[in-house]
Amino acid sequence: MNALEEQLHYPLGDALPEQGRCIEVAPGIKWIRMALPFALNHINLWLLRDTLEGENGPIDGWSVVDCCISRDESKAQWEAIFANELEGLPILRVIATHMHPDHIGLAHWLCQRWNVALWISATDYQVARMACLGDNGFGGERSAAYFAQHGLTDPESVAQIRARTNYFPGLVPSMPESYCRLMDGKLLHIGGRSWRCISGYGHAPEHIALYCDELQVLIGGDMMLPRISTNVSVYEQEPEANALRLFLDSIDKFADLPEHTLTLPAHGKPFTGLHTRIGQLHDHHRDRLAEVMQACTAAPCSARDIIPVMFKRELDLHQMTFAMGEAVAHLHLLWFEGQLQRRLGGDGVYRFSRVA
Ligand SMILES: [Zn+2]
């Protein structure tokens, strides 16, 4: 546990759900933890006891929140959950907090398997459907050009990014052909309780967290993680985005929730200490912004120049593209707030320097 985590509280201690099993974390809310083959090696998914109005009256069952990536191991884990944890009831709907592959990869499979609908924000639904077709912003020609413009120009990286055209479809082979729309402020009735959708920006196009006041439980998705900071990046599809400002403004929306709210994060363990965590995330980004400002005061910097300032460890190419996105996000916040200026060099690379 790092020093910041010690300021939070994990009510379940070190308990983790075994593969194919759940832990009930609040009445009618079960925690599933599935393995991921990445540096971030797991994702938390949730089963919510639910009742939906069917064609011949109410049907008891479960709503699923988030899905895991598409691969056989994930499907096998789901089958074990279906066998062990549904108490003989069906899945009634699939809710996705956002369109990243670990959250939405198996949405299509789950919806088909149970003949149910996907609930998601309109923006994330549309972006995911486009990304399935390979037009995704995670690799390919435009992506390589974007990173090169921010200083990632070494031929090996450029070639690898150019070649990585199948990243999203490889993890999310298809999407349901229709969906039910989630949007900020909408109330979902799940298992006789009301859950409010809270939109968040800067991490995904339109992330939806869910809050139940009766239980004082927040399903935070990737917007409120206890241990790692959420990836906040600018990518080539929206190259002039101010993603970090959007993210910081979005997490402040959770400040209205009670301090002892139980937050269910997509990665890490359920925790309380929401207000403390919001403060820690602001501090984290304030420190990174100060480092970036200092570097750009000493000399004009590209995003690539900022990487060793912000990230003190070796990065593989995949981590490097995330890091580049984060570096641009920090530079952009300072640029949009008038503290940095941006100039395009004769070499085609953007560099940022302190406004005199
Ligand atoms: Zn995400």
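Just so we're clear, the structure is a prediction, and the values are computed from it rather than from any experiment. Atoms within each ligand, like the ligands themselves, are counted from 1 in listed order. Here, residue 1 is the first one in the sequence, and each next residue gets the next number.
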Listing, residues 294-302 side-chain donor-acceptor contacts under 3.5 Å, not counting sequence neighbours, or none:
residue, atom, partner, partner atom, Å
Thr297, OG1, Met293, O, 2.6
Thr297, OG1, Arg354, NH1, 2.8
Ser302, OG, Arg304, N, 3.3
Ser302, OG, Asp305, N, 3.1
Ser302, OG, Asp305, OD2, 3.2

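- Considering every non-hydrogen atom in both Cys197 and Leu210, the closest pair reads SG-CD2, 3.8 Å.
- In terms of heavy atoms, Ile198 sits closest to Asp184 at CA-OD1, 3.4 Å.
- In this structure, Ile161 and Ser143 approach most closely via the heavy-atom pair CG2-OG, 3.8 Å.
- Around the Zn ion (ligand 1), the protein N, O or S atoms found under 2.8 Å comprise His98 NE2, His100 ND1, His203 NE2, Asp222 OD2.
- Here Trp335 and Tyr350 keep their ring centres 6.0 angstrom or further from each other.
- In plain terms, the two heavy atoms of Gly325 and Tyr235 that are nearest each other are CA-CE2, 4.1 Å.
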